[in-house]
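The structure appears right after this line, and notes come after that.
All values below were derived from every heavy atom in this structure, side-chain atoms included, with hydrogens, water molecules and symmetry-related copies excluded. By convention in this document, chain letters (A, B, ...) are assigned in the order of the sequence lines, proteins followed by strands, and residues within each chain are numbered from 1.
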Amino acid sequence: MIPADTTGISAVTSFDGKGIFGPRAARPMLSRDADSMYWMSRYIERAEHVARLLLVNGNLLIDVGDLAPALQEQQWLSIIQILRLNESDEALSGDAPMGIRVARHMTFNAANPSSLISCVSRARENARSIRENISAEMWETLNSLYWSIRGDDARSRFEDSPEDFYRSIMAGSMLFQGLTDQTLAHDQRWLFTQVAKHLERIDVTCRVIETKFIILKGAETILETALRNIHWMAVLRSCCSIEAFRRHHLGEMDPLRVAAFLILERNFPRSIRFSVERAVDAVAAIHASVDPNAVDPAERVLGRLNAQLEYAEMTEILNEGLPAYLQRIQASVAEAALAVQKAYFLN
Amino acid sequence: MFANYEVDGLFDEMFVQPGQPRAHYAPVASRLATLDVEAFNRRRRMADVTFRNQGITFTVYKDQAGVEKIFPFDLIPRIIPANEWDHIERGLVQRITALNLFCQDIYHEQRILRDRVIPADLIYGAKSFRREMFHVNVPRNIYIHICGSDLIRARDGQYMVLEDNGRTPSGVSYVLENRTVMKRVFPALFGAYRVRAIEDYPLNLLQVLRSVAPPHAAGDPSIAILTPGVFNSAYFEHSFLARQMGVALVEGPDLVVENSFVYMRTTAGLRRVDVIYRRVDDDFLDPLCFRPDSVLGVAGLMNAYRTGNLAVINAVGTGVADDKAIYPFVPDMIRFYLAQEPILPNVPTYICARDDDRKYVLENLDKLVVKSTNESGGYGMLMGHQATQAERDEFAEKIKADHRNFIAQPVVELSQHPSLCDDHFEGRRIDLRPYILYGEKITVMPGGLTRVALRKGSLVVNSSQGGGSKDTWVLEDEQELAAT
């Protein structure tokens with residue numbers, strides 16, 4: 001069937017009959033698979049944020065001691081607020097200190113959709129239904145992470161050292177995302193994970209800044225400067241940004257600078273602007289590979305937000321009010337997520 | 001650890017008698033002799049963790065919640081010498097050839113019925129006979145492209161066919177994964193052997209799928225595996241094969257039929273599908289043709305199939321060839337279509353639809369294994385010699401009520417193979433399911449799935465009934481095996 005030649009290359013059977021080196025059209029992707037790809041990526045990103053918030057908050061309260069019990073409670077509840085969970089949930093009641101109740105609720109309570117165990121399980125369930133779309137390395141990493149939180153020894157490891165436990169989840173997420181970048185072709189499959197990751201990151205970061213800003217604003221009068229700085233450092237840590245911020249601003253812990261850094265810094269991968277730019281790029285690339293002629297609503301929404309962040313100034317944002325500004329960004333993210341869903345998952 | 005090992009008058013794969021291994025097992029036996037229990041258990045744990053982390057699991061349902069389980073892996077490999085395998089391979093090629101000629105004949109001229117080799121009522125009474133397939137031409141006239149025939153060994157070591165699986169045989173993913181894990185945890189065992197590679201199975205399967213593509217696909221067919229979904233117990237395998245071949249894995253709701261073509265819903269709209277390797281039973285493929293309540297398939301699929309716009313593997317209607325009441329006639333099929341004597345014999349079988357046979361079965365229930373002709377996976381069986389009188393009476397009533405639905409076989413002692421039990425080795429019964437592919441040519445995967453009945457004395461090896469599996473080595477041509 002294959003003509004003999006002298007190179008020996010023809011011994012390799014070419015499936016398409018057009019020759020081994022000919023171009024191949026991009027393989028289509030099932031809508032259901034795109035959907036699962038997207039949610040796998042969002043849930044693992046969410047798990048990482050939850051783990052980091054719990055870790056940072058625990059350490060923060062060790063640092064500030066029992067100076068302000070009311071503020072402590074508020075700090076723990078802020079995690080519940082950031083994730084838009086019900087503060088009067090029965091699972092949160094009990095006699096144990098607030099920190100322990102929140103940590104339990106957010107770590108092992110499978111009935112809580114934002115708990116670590118829920119996020120990791122959902123990421124893994126999505127991955128399990130699309131294993132033929134992801135790499136073996138990605139699957140094994142996610143599956144091992146799942147068993148590390150689901151296995152028999154998970155609770156005792158957690159009791160031994162919550163910090164190590166949370167760190168292992170953050171590291172698992174980072175490893176997974178790194179493998180996603182390094183083992184997957186950067187085609188539609190990868191692009192959907194990128195859209196999801198960045199939309200999730202924008203969303204959580206907005207909520208962290210918004211919630212903490214309101215709490216710290218309210219506590220301004222009772223906090224000494226030194227303590228206030230510690231709290232703002234914790235906000236940066238919650239967004240994985242403390243070192244980058246220090247390098248940038250030489251350690252001046254001014255709340256506005258913190259907010260400006262987390263929202264507008266162009267080159268830092270944890271800032272809102274950075275993520276918006278990446279999300280636009282990914283959505284545009286998906287759109288181009290699928291149907292270059294149609295108008296993509298998600299691209300429009302995110303593109304507009306991107307342009308806005310590009311030219312934004314902190315004074316403007318403060319005039320509008322920081323919380324209102326952040327809420328507007330979240331609304332755009334929700335709109336974009338819905339548009340992606342409509343355009344690609346419901347075919 | 002072999003101190004109290006017993007052979008018990010069975011055929012033992014490893015030992016001629018205790019302390020005297022067969023030549024092809026000698027290197028393994030001497031290697032195992034140098035290991036203590038802890039060293040062995042360490043490897044077993046390593047294998048278990050590997051299986052778990054790779055998600056090589058199947059789902060067992062109880063109390064609504066599905067529990068993911070590892071298919072128990074038995075670390076000692078089963079070894080088949082080259083000459084034995086040669087015999088098995090020739091027998092399997094002969095068998096799949098005859099089974100395919102039979103399907104072609106049954107859905108067209110029915111010569112075998114007209115010549116009264118097989119009673120026509122047995123065919124028409126088979127639940128798996130699909131009249132929808134009558135006079136439908138399938139690509140290359142092949143129906144069973146993928147076959148898994150279960151082999152057992154009698155007391156004298158002779159290989160016999162226990163049943164053929166010509167619908168959607170499963171387990172091949174475990175064969176491939178067992179080998180991978182074995183290499184990882186016990187590389188030293190391979191040292192003395194030249195074991196035939198099996199890794200090309202997915203490639204061979206892909207070639208089979210390509211070989212049936214309709215002409216309009218023009219050399220670049222769009223191929224998909226159809227799975228019932230992530231909750232199916234064999235989902236791991238469906239996903240594994242899709243991954244190994246790089247083809248799409250679709251569920252019924254991903255598909256839609258328009259103008260007798262099948263399409264899948266993609267991010268870029270509908271895309272045509274040319275070949276479907278379905279892991280869904282005939283009954284669920286198309287609610288317009290078969291079960292109207294099924295959501296696992298897609299309405300209109302049969303129309304696309306019969307029009308020739310879509311190829312389906314295995315063909316619809318192959319169940320008629322692996323019906324347990326048809327099985328006793330496979331040797332006759334081989335004689336009828338190929339004018340050859342069967343290379344691999346059947347296990348003697350009594351057909352309850354025949355008056356003489358039924359009379360014998362009812363009188364000898366305590367010596368027989370009775371099987372329902374339409375069940376698989378070890379369900380609907382009576383092990384007469386182990387059952388209580390009440391269970392036997394109940395089965396006798398069932399047989400009297402529905403002759404067609406039952407066959408019976410004498411209890412065949414399976415061969416045994418050493419397995420680690422706690423801290424020593426004991427013999428456990430095993431069988432063998434080789435996988436045969438039929439596309440442009442017939443390819444038999446060297447080896448197959450060796451299933452182990454992990455409970456002492458048990459003859460049931462099905463995974464749903466507490467069976468495990470082991471890596472199966474077919475050796476390259478005769479080689480000198482020096483006991484080290």
### Query
Under a 4.5 Å heavy-atom cut-off, does chain A meet the side chain of Glu251(B), its backbone, both or neither?
both
### Query
With a 3.5 Å cut-off and no angle check, do the side chains of Ser469(B) and Asn178(B) form a donor-acceptor pair?
yes
### Query
Going by distance alone, is a donor N or O of one side chain under 3.5 Å from an acceptor N or O of the other, for Asp33(A) and Asn133(A)?
yes
### Task
Please state whether the side chain, the backbone, both or neither of Arg271(B) comes within less than 4.5 Å of a heavy atom of chain A.
side chain
### Message
Show, in sequence, the C-alpha distance, side-chain angles and deciding distance for Phe165(A) and Phe108(A), and conclude whether the ring pair (Phe, Tyr, Trp, His ring centres under 6.0 Å) test is met.
### Response
CA-CA 12 Å; Phe165(A) 189 83; Phe108(A) 290 115; 5.6 Å; yes
### Query
Is Arg124(A) positioned over the aromatic face of Tyr146(A), cation under 6.0 angstrom from the ring centre and no more than 45 degrees off axis?
yes
#### Entry: Per-residue contact mode, Phe236(B) against chain A (heavy atom under 4.5 angstrom)
side chain
### Message
Heavy-atom cut-off 4.5 Å, strictly under: side chain, backbone, both or neither for Val247(B) against chain A?
### Response
backbone
### Message
Which atoms of Phe192(A) are under 4.5 Å from chain B, going by heavy atoms: the side chain, the backbone, both sets, or neither?
### Response
side chain
#### Entry: Carboxylate-amine/guanidinium contact Glu140(A) Arg131(A), below 4.0 Å
no
